[in-house]
Amino acid sequence: MAMERSYIMIKPDGVQRGLVGKIITRFEERGYKLAGLKLKQADEALLKKHYKDLVDKPFFPKLLAYMISGPVVCMAWEGKDVVAMGRKMLGETNPLASAPGTIRGDFCLEVWRNICHGSDSVENADKEIALWFGEAEVVDHESAMQDWIYE
Ligand code: DAT
Ligand code: MG
């Protein structure tokens with residue numbers, strides 16, 4: 001079954017606060033399949049590509065400093081409607097506007113400590129996965145649970 005993928009990233013604060021396992025668990029329990037996973041220290045060049053639509057914003061230097069402040073966890077998650085559903089699972093950009101039950105709504109309070117990133121379109125997801133992962137790091141594989149998650 002051809003399935004959509006999303007690039008989900010745990011930001012430096014999420015890693016430092018020990019929330020990696022909890023965030024992975026939410027995607028696993030929903031039925032999504034992990035296709036790529038690694039810890040990485042991002043640099044300025046990579047972040048300028050990742051946030052290419054935001055580089056001219058006045059807050060970009062602050063965003064860069066935040067995202068470079070420690071390693072991030074890079075993930076590619078695969079499954080039905082994962083891009084749109086991943087955004088819903090993350091919550092709003094501003095954690096205080098995020099409903100309880102979402103990742104940001106449960107684990108954080110401020111926009112500059114919003115712990116996670118999720119692709120905002122299928123097209124951007126494909127670009128972000130190609131940017132953060134080498135080709136061999138994203139793995140096609142069958143989940144043993146496939147037939148119990150999809151009819
Ligand atoms: P999201 O992370 O919800 O996709 P985004 O891609 O628009 O949001 O912005 C990336 C990050 O930049 C976001 O997580 C926090 C910061 N940011 C965005 N818009 C901002 C704003 N208006 N003021 C302060 N920080 C902002
Ligand atoms: Mg975004």
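In listed order, ligands and their atoms are each counted from 1.
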Is ligand 1 less than 4.0 angstrom away from at least one heavy atom of R104?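 In this structure, R104 qualifies as a contact of ligand 1 - some heavy atom is under 4.0 Å.
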
Roughly how far, to the nearest 0.5 Å, is OG1 of T93 from CG of D120?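 Rounded to the nearest 0.5 Å, the CG-OG1 separation comes out at 9.5 Å.
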
For S119 and E128, which I'm curious about, is there any donor-acceptor pair between the side chains at under 3.5 Å?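 E128 and S119 do have a side-chain donor-acceptor pair below 3.5 Å.
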
Flag for D13-Y66: side-chain donor and acceptor within less than 3.5 Å: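 Yes - a donor-acceptor pair under 3.5 Å links their side chains.
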
Is the contact between K11 and ligand 1 made by the side chain, the backbone, both, or neither, using heavy atoms and a 4.0 Å cut-off?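 It is the side chain that touches ligand 1; the backbone stays farther off.
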
Which segment of D120 sits under 4.0 Å of ligand 1 when only heavy atoms are counted: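 Contact part for D120 vs ligand 1: neither.
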
By number and element, which atoms of ligand 1 are closer than 4.0 Å to a non-hydrogen atom of [X]?
{"X": "L54", "answer": "9 (O), 10 (C)"}
{"X": "Y51", "answer": "10 (C)"}
{"X": "W112", "answer": "24 (C), 25 (N)"}

Below 30° counts as parallel, above 60° as perpendicular, anything between as tilted: where do the rings of W77 and F27 land?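 The arrangement is parallel - the two ring planes meet at less than 30°.
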
Any side-chain to backbone donor/acceptor pair from K11 onto G70? Under 3.5 Å, distance only.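 No, because the side chain of K11 does not come within donor-acceptor range (under 3.5 Å) of the backbone of G70.
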
Minimum distance, heavy atoms only, to atom 8 (O) of ligand 1: which one of N124, T93, N94 is it?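 Answer by nearest heavy atom: T93.
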
Tell me which one of K57, M67, R87 gets a heavy atom nearest to atom 4 (O) of ligand 1.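 Among K57, M67, R87, the closest heavy atom to atom 4 (O) of ligand 1 belongs to R87.
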
Is it true that atom NZ of K38 has more than 12 heavy atoms of other residues, nucleotides or ligands lying nearer than 6.0 Å?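 Atom NZ in K38 is packed in, count exceeds 12.
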
Looking at R5 and D140, does any basic side-chain N land under 4.0 Å from a carboxylate oxygen?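 Judged by the 4.0 Å cut-off on N to carboxylate O distance, R5 and D140 do form a salt bridge.
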
Check: N114 N/O within less than 3.5 Å of ligand 1 N/O: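 Checking ligand 1 against N114, an N or O pair does fall under 3.5 Å apart.
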
